Protein chains: 4
Amino acid sequence: MTTTELELAPARAATLSTGTTMKALVYHGPGRRAWEEKPRPAIQDPSDAIVRITTSTICGTDLHILKGDLPAVTDGRILGHEGIGVVEQVGAGVSEFHVGDKVIISCISACLKCDFCKRGMYSHCRHGGWILGYTIDGTQAEYVRIPHADGSLYHLPAGADEEAMVMLSDILPTGFECGVLNGQVKPGDTVAIVGAGPVGLAVLLTAQFYSPAAIFMIDLDDNRLAVAKKLGATNLINSADGHAAHHVLDLTEGAGVDVAIEAVGVPATFDICQAIVAAGGHIANVGVHGKPVGLHLEKLWDRNIAITTRLVDTVTTPMLLKVVRSGKLQPSQLVTHRFALNDVMKAYDTFGNAAKEGALKVVLTSGTPG
Amino acid sequence: MTTTELELAPARAATLSTGTTMKALVYHGPGRRAWEEKPRPAIQDPSDAIVRITTSTICGTDLHILKGDLPAVTDGRILGHEGIGVVEQVGAGVSEFHVGDKVIISCISACLKCDFCKRGMYSHCRHGGWILGYTIDGTQAEYVRIPHADGSLYHLPAGADEEAMVMLSDILPTGFECGVLNGQVKPGDTVAIVGAGPVGLAVLLTAQFYSPAAIFMIDLDDNRLAVAKKLGATNLINSADGHAAHHVLDLTEGAGVDVAIEAVGVPATFDICQAIVAAGGHIANVGVHGKPVGLHLEKLWDRNIAITTRLVDTVTTPMLLKVVRSGKLQPSQLVTHRFALNDVMKAYDTFGNAAKEGALKVVLTSGTPG
Amino acid sequence: MTTTELELAPARAATLSTGTTMKALVYHGPGRRAWEEKPRPAIQDPSDAIVRITTSTICGTDLHILKGDLPAVTDGRILGHEGIGVVEQVGAGVSEFHVGDKVIISCISACLKCDFCKRGMYSHCRHGGWILGYTIDGTQAEYVRIPHADGSLYHLPAGADEEAMVMLSDILPTGFECGVLNGQVKPGDTVAIVGAGPVGLAVLLTAQFYSPAAIFMIDLDDNRLAVAKKLGATNLINSADGHAAHHVLDLTEGAGVDVAIEAVGVPATFDICQAIVAAGGHIANVGVHGKPVGLHLEKLWDRNIAITTRLVDTVTTPMLLKVVRSGKLQPSQLVTHRFALNDVMKAYDTFGNAAKEGALKVVLTSGTPG
Amino acid sequence: MTTTELELAPARAATLSTGTTMKALVYHGPGRRAWEEKPRPAIQDPSDAIVRITTSTICGTDLHILKGDLPAVTDGRILGHEGIGVVEQVGAGVSEFHVGDKVIISCISACLKCDFCKRGMYSHCRHGGWILGYTIDGTQAEYVRIPHADGSLYHLPAGADEEAMVMLSDILPTGFECGVLNGQVKPGDTVAIVGAGPVGLAVLLTAQFYSPAAIFMIDLDDNRLAVAKKLGATNLINSADGHAAHHVLDLTEGAGVDVAIEAVGVPATFDICQAIVAAGGHIANVGVHGKPVGLHLEKLWDRNIAITTRLVDTVTTPMLLKVVRSGKLQPSQLVTHRFALNDVMKAYDTFGNAAKEGALKVVLTSGTPG
């Protein structure tokens, strides 16, 4: 995020907009965002629901959008694909949710009916997938329209902590599905996670579901590594010296790790994964990549490894919900900053300077109780 | 294979050597091979067996060795890692095989005791793996020493066709494990195999165990494609025009294939696989690569694909043996040429000019019945 | 089926009923069925579709209903849960099907939205499951209402053979999911199928997707065994002598079978399965049981076996459709008799005397082209 | 164990026998056991090792043998199939262990070479399986001969706690493989364990590798339930009132449990499992059964459940070793009593009155350090 952003609409008091308009965080081209007045969304299709947002948060992807990295996002788009709220209205085809239900919004919209959804690949839903805050308006707003509501919302358990539960919108299923499940983490495994940002830390939290014997956390930022230690990493490796792979091989007596999880999205971190994966091991890519990487098939062709990629499907959200409810997973540990929803412009400033601010997840809450 | 090979020892009559020597195909540095006198192998370890070869064959890897591509192979090495024979002698620790047993020799030697063997990764056996005709003397000889005999030999069923069964030494498990199993071929799938050499054709034969709906065979050689048609390929694509990926996408209405299997080992063929794999699909690498390839993570990161590599473990050999015995698999279809073992020098000439000779598998048989 | 059935409404010419009524096969209590006038179904819920039946068939379960074995079926119920037809009308929430589409009707209705559907257990759908011709009116009629149409219908491929495709309504997915998938049939396996009725034969056909080395077919009826031979069984065992298990053990040198599939539903046939399953093997129950069976845990506790039960989920229907289209599966081989839909009363007579008539699947077709 | 046991040889001082004899716990028919002089074992086969026992323990199965329940155990047999010790001698075919190595002895002897071993079913090894203290002399002695040493021993990590590690001989892999793996425990699952004896508690400990949301422990003994609470059970159910199934259904709002694990071995406890398993769930049998049970297929045929049986294979021992080393599993929590090896007669008295003595695992240690 650059410093040239023009704040078109200064934040106002946390009063809920009335009538047919609402406040929303709107993208106006690279480096330009505003908290401004927009029309309230309305039902467009029988599968739609309208949700009033009570809790939202900002994702690293939102920063990418603001940098202009995702040209599919056009001027005027409301950002945000994470949130919790209250159902205000439902279309005729919605059967699982009713007005007044408190819901977790999934970052992935799933029609449940297409071939991809039937295979559990909601990410590639022919009528949905990742669309919120990307090709349609998103959740950093007072209201949001959720298409395919029956496949895209989850009931918030009574009495649940919204701050913890909003992590189920994206980073927990992302870390778990793309990193832990694809990496096939097993009891006794040695796991390395490259990148200790919010998603890497979500990998760390959910990898522990399967009781690996060791989890190495690799990052450039000692503060983030310290958080990783608190959240269960057994070994910390600051990769600033350019020798992360060497350190991992030392720690494993040259064998490498059973599972290497890439949670950054650049060639250098993918290279570390290639260098440290043990014979028979897995490289699970979680990061969003903008460039090709060199794959060392001349070294890896006979190493019996698997490399996986995945856009989160959010098919594990019901299971993750159970684990969060049981207390075995405490995702609110990832929250470092809290803002009122109508202070979202400030929240972006903080999140956009994550290293300096020590920011991981920044939670936004509306003044109006769910 | 080059034309500069010096044939140090011209082929002789098919009489079995007597006494303490034998005839063997010996590597003498890049481009140099000979059928010459060597000492007969002897038991060195309690797990060893000595096998008299009745049937052998030549692998594409043997040609790579002759080109000097595998510097671990040193002057004086007897080549060959495929074969069938009769047990002549066993060490004190061998319990599953006895003198006189007819056996299939696996290209992979497995101690069965190390951590990798216990995980079913015989390819990475700490005391074995691929060693025959590579770091120890191999099977293109009258006799061979087989270390870890209990894990490296299989009983030849009574009355079995040796020509068919010798395909179990390497190419059938290689095609099946590295291509079909790693590619997770399923009933109804669309599969593409890039490379219609012997191993690619072994993939083709064994892929049909799982009843895919379509199998596209891609190669530069129309003769090999014609063989593929006969062996079950549903669509043939000659990639000479540089548009193989385009043709596959056309045939699949833009979706790509569920499983893309690379059976060549060069960047161009791996690129085809990347270009044609469907969302949610698998790329199974079978080819031996000498160079890095470019991996298009900028396109693939959100496609939910898996890329696998594998050196064959031969753990499926017992199962493949059952299927060959049942008649559901006819691997002798891959045999195009037959030579006496002591004509192995000519056999290499033929196999080394595979395109011109229309050669796939070249079988060598000793004059002495097993 | 008894001979005391009162045929309340004699079959008429194959003219499509007009207006608001239709003809349908109606259950009137144990032993009583009629082809009679009923009101045409109408949309009741946004997820409903109305389908005009062009092809239907009769299931063994329909005979159980007529015997009074399923008391949940009440007087006045239209029977039938298999069929192919043309969409006549859709509710507002139906998005995947349109008026005029030719469709295969699944015996299982799936809302796709509940927890069971999301786990792929459509059989236990909280709003559907097996309801057609059971708790709501079914497909042996000129029209049928299909709830949750988007999860319960499949597009009939252009030019497909309806007679083959109607086997996808129930017996193919039942045999495949409950028998083959749950039994984990693998290449090279030895499989025994107990019961050569239509569902047992569907197991036989679909087991061959995975290239088992041997398939033993066990039944009391030599005619059915002869059909099994034609459809791929490698060994036939008539169990009339009470020694079926003994014969299987002989054929397997005492080892037993890797997979034993029960496709009858009585204790005696389940006992055969217990007696013949090899250590490490699977017993897959397909039959509908009315009584407890004795489980010999005193013999089986240390045999490392798995016993599975399943009501078909029809989650594999899209895959089966691909395999039928590819020509690798020819389910019309199961059709022995053909009737006009308005001769359904005669069709029941034939199917109810299956042994005498040599009947397997009896297909019903409307006179009106789809 | 009865009070009529004749103690043929009173315990002596803890001096290691010298020369060619040793002390051992010997079975002399139902109800009769003695700690007496026996010849020291010697190498009989190249695959053998002789191990001097430093730590052993008693299993519930030993009590069954003493009751005469296992007639294959004959007069004169040395009991015991669990232990840790020091390698004193190895046969010519043993390659992974050397004199002086400290080792964990597996209750299952695995040749690693037969078809069952190659499939990972060591329990059914054609040359081994469970033989120690059963068909050959066992580990409750100063020395023991271990056949197939390379497949039946594991290196004790330097500095490891023998008391914890001896649980790897049997109960940890038994609980984990037969209960947790076969039951397919997953994150978020609801699990019920019927039987809080040592093996049931081993299930409890290892089930937590997979982060289930709830674990219900069912037993008649409140002391054992209290231990279960300490070890991670979330709910305790005393089944003395005959309504255990009812309580489980109440706790799960009628749904039942995802995984029901039987760890007792009588029809009543298996019945509880049948009554509480949810649709789509698993019943994993761990208990040793002496009688058939009634299987309610009339209720279960359409419930999509799996029932598994298994004799432990100990294939997961290397993985369990890693987890114990990592500190994530603390099996010494199961140890309630400690005796000198030459007080094994007293140890049996205590373990034979487990309920009264509050005994779980009773550890025996030789006076001589390993």
Side-chain angles (χ1 to χ4, degrees), chain C residues 69 108 115-116 119-126 129-130 174 177-178 182-184 186 255 258 262 265-267 269-271 273-274 277-313 315, chain D residues 61 69 108 115-116 119-126 129-130 174 177-178 182-184 186 255 258 262 265-267 269-271 273-274 277-313:
Chain C
D69 290 350
I108 297 292
D115 54 342
F116 279 116
R119 289 168 59 190
M121 279 179 64
Y122 298 175
S123 58
H124 289 70
C125 172
R126 295 195 184 273
W130 177 38
T174 294
E177 295 179 7
C178 307
N182 271 18
Q184 298 184 25
K186 293 184 306 297
D258 299 303
E262 205 284 342
V266 299
T269 46
F270 191 82
D271 279 348
C273 292
Q274 293 188 67
V277 67
H282 293 81
I283 297 176
N285 187 77
V286 184
V288 178
H289 289 259
K291 296 184 207 163
V293 301
L295 178 64
H296 291 289
L297 275 188
E298 83 284 8
K299 293 178 189 165
L300 296 173
W301 74 268
D302 66 351
R303 295 275 287 169
N304 300 36
I305 64 154
I307 301 168
T308 54
T309 71
R310 188 167 181 176
L311 178 61
V312 64
D313 293 302
V315 284
Chain D
T61 307
D69 290 351
I108 297 292
D115 55 339
F116 279 117
R119 289 165 60 188
M121 278 179 66
Y122 299 174
S123 58
H124 288 70
C125 172
R126 296 197 184 270
W130 176 38
T174 294
E177 294 178 7
C178 307
N182 271 18
Q184 298 184 25
K186 294 184 306 297
D258 298 302
E262 204 285 342
V266 298
T269 47
F270 191 82
D271 279 348
C273 292
Q274 293 188 67
V277 66
H282 293 80
I283 298 176
N285 188 78
V286 184
V288 178
H289 288 258
K291 298 184 205 162
V293 302
L295 178 65
H296 291 289
L297 275 187
E298 84 282 8
K299 292 179 189 165
L300 296 173
W301 74 268
D302 65 351
R303 294 276 286 170
N304 299 36
I305 65 154
I307 301 169
T308 55
T309 72
R310 188 168 183 178
L311 178 60
V312 63
D313 293 302

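Lettering of chains follows the sequences in order, A, B, ..., and the numbering in each one begins at 1. When reading the values below, keep in mind they use all heavy atoms of this one structure, side chains included, and skip hydrogens, waters and symmetry mates. Here the structure is a predicted model, which means the values were calculated and not measured.
Here the shortest heavy-atom pairing between C/F270 and D/L295 reads CZ-CD2, 3.9 Å. Across every non-hydrogen atom of D/M121 and C/N304, the tightest pair is CE-CB, 3.9 Å. A pairwise comparison of heavy atoms in C/G280 and D/R119 identifies O-NH2, 3.9 Å as the closest pair. A pairwise comparison of heavy atoms in C/L297 and D/K291 identifies CB-O, 4.3 Å as the closest pair.
Using a 4.5 Å cut-off between heavy atoms, C/D313 contacts chain D through its side chain alone, with no backbone atom that close.
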Side chain to side chain contact (heavy atoms under 4.5 Å, CB included) between D/N285 and C/L300, intermediate numbers included: CA-CA 10 Å; D/N285 188 78; C/L300 296 173; over 6 Å; no
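When the candidates C/A279, C/G290, C/G294, C/A306 are compared by the number of heavy-atom contacts under 4.5 Å with chain D, C/A279 comes out ahead. Of the listed residues (D/N182, D/V286, D/V288), the greatest number of heavy-atom pairs within a distance under 4.5 Å of chain C belongs to D/V288. Contact count against chain C (heavy-atom pairs under 4.5 Å) is highest for D/L311 among D/I283, D/V312, D/L311. In terms of non-hydrogen atom pairs under 4.5 Å with chain C, the most contact-rich of D/K299, D/H282, D/E298 is D/E298.
A donor-acceptor pair is defined here as one N or O able to donate and one able to accept, closer than 3.5 Å; such a pair exists between the side chain of C/H124 and the backbone of D/D302.
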